[in-house]
Novice: 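Quick one: structure below, then a few questions.
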Amino acid sequence: MATLMIQGTTSDAGKSTVVAALCRALARRGVSVAPFKPQNMALNSAVTEDGGEIGRSTALQAQACYLASHSDMNPVLLKPETDRGAQVILRGKVHGHMDALDYHAYKRTAKESVMAAWQALENRFDVIIAEGAGSPAEINLREGDIANMGFAEAADCPVILVGDIDRGGVFAQLVGTLALLSESEQARTKGFIINRFRGDIALLKPGLEWLEERTGKPVFGTLPYLQGLVLDAEDSIGLTHAEKASQTLNVIVPALPRISNHTDFDPLRLHPQVSLTFVGPGQPIPAADVVILPGSKSTASDLAWLKQQGWDNAIQRHLRYGGKVLGICGGFQMLGEWVDDPDGLEGKPVKVAGLGLLPLTTRMVAGKQLRNVRGVTVAEGVTVTGYEIHNGVSEGQALNAPLFDIEGRPEGAVSEDGQIIGTYLHGLFDHPEACQALLKQLGLVNGEQSDYQAHRERELDRLADMLEAHIDIEAVIALIDAGASPSQ
Ligand SMILES: NC(=O)CC[C@H](N)C(=O)O
């Protein structure tokens, strides 16, 4: 039983990717390994096999280990609902809503859950690859920390620090981060990984030697910038998309302030016949074949945002021109007549008018619905898989014409003219046949099959290959075996 923690000098330094790569590299060598992220802040979540909710990036790392995901792999998940408050998920279950100050105080209690979850994993697996959050040098958040060094110290595990050279200033990132750590934290930091390097490594060499000399710690390797990597993102939306050979179906998605599970769209980003564009605030809304309203952590406030941006009128115009609209989860709720949140589960108590495109109303009720599902499309009987994460319960006539049949339970809605479609299912494009069938319903008549699951598996292997080629993995394994002993 041994734990290694990967921390980063900044958010988005590539920790999740390094952890996924390391997990796959070790798992395919036959090591019994599991991922662990003590605390994550993200609106992309997954339903675990034990019926809990964790960050998607951790669920992907579980897949990298050939494991089903488990709530213990990410015991604290913070899902921001406003700029200052978040829903706190503890070991897979909703604990409540807290603002930043309350949470800071609550961390001491949360730490017990974090350590209990880690213990449970340690009992099941030989190696745990833990992932930090943000940077360990956030000195204002250091007290009672559970996300980075607070966990590493409690678990007494070694740490590797990842710096992102693509942002520039990587030596300052690494040396500066180290300088801000306490002596014991510095000692447990056993070396570095430089991420996202492009160019001639010969030019970087003198810098790496300087870094090793200056800190007395090794650089385990320098990872290249990976082009076109599409894997479940932790939170931020990568707005670029590769050029497509033939652009057939133009899909636009408003980048809602509280968009949740935008990973639903990854299969579309990769699909050779789909051009997917996220439209941000203030951007003109381009002409499109399909508008998809994504999931939202705060349906009512995102709906207000949508109206402020003029999307309600744009969608009406889009429909008049024969376009189609798909709403997923929060987006589905927005398509109805009312969204009612009497207890303020997602902010303040409100009742707001929806877009009025489907005869249904939604009420937010306590007790989150969390489930992985499997069913068929009503139109063609094609297999679909997905998962549900929502408080809302919808009612109304629209539900009499469902989109899916989930083992006898009608799910979603299709308008009479087929222009407006809604569903609570996330991950609905993941299954290749479902993706093809749904794109057909959205207007792509001769759609090819695009297998996103197979893509994910290939990408994980590609990541592990890349890691093996550029990192001294034997040294990393030796570090895992040695633990946090004061070797340097
Ligand atoms: N995942 C979602 O889009 C959730 C929708 C909404 N916030 C609810 O909880 O019902």
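It should be emphasised that the depicted structure is a prediction, and the values quoted were computed from it without experimental measurement. When a residue number appears, it is its place in the shown sequence, counting from 1. Read the numbers this way: they start at 1 and go in the same order the structure lists the ligands and their atoms.
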Novice: Decide, yes or no, whether a salt bridge links Arg258 with Asp302 under the criterion of side-chain N to carboxylate O below 4.0 Å.
Specialist: no

Novice: State plainly whether the residues Lys368 and Glu53 are in salt-bridge range, i.e. N to O under 4.0 Å.
Specialist: yes

Novice: Is Glu388 salt-bridged to Arg371, going by a charged N under 4.0 Å from an acidic O?
Specialist: yes

Novice: Between Arg91 and Asp72, does any side-chain N to carboxylate O distance fall below 4.0 Å?
Specialist: yes

Novice: Which protein residues have a heavy atom closer than 4.0 Å to any atom of ligand 1, listed by chain and number?
Specialist: Ser260, Gly295, Ser296, Lys297, Thr299, Cys329, Gly330, Gln333, Glu346, Met364, Ile389, His390, Asn391, Gly392, His426

Novice: Can you tell whether the side chains of Arg196 and Asp164 come within less than 4.0 Å, N to carboxylate O?
Specialist: yes

Novice: Hey, are Asp430 and Arg456 close enough for a salt bridge, meaning a charged N less than 4.0 Å from a carboxylate O?
Specialist: yes

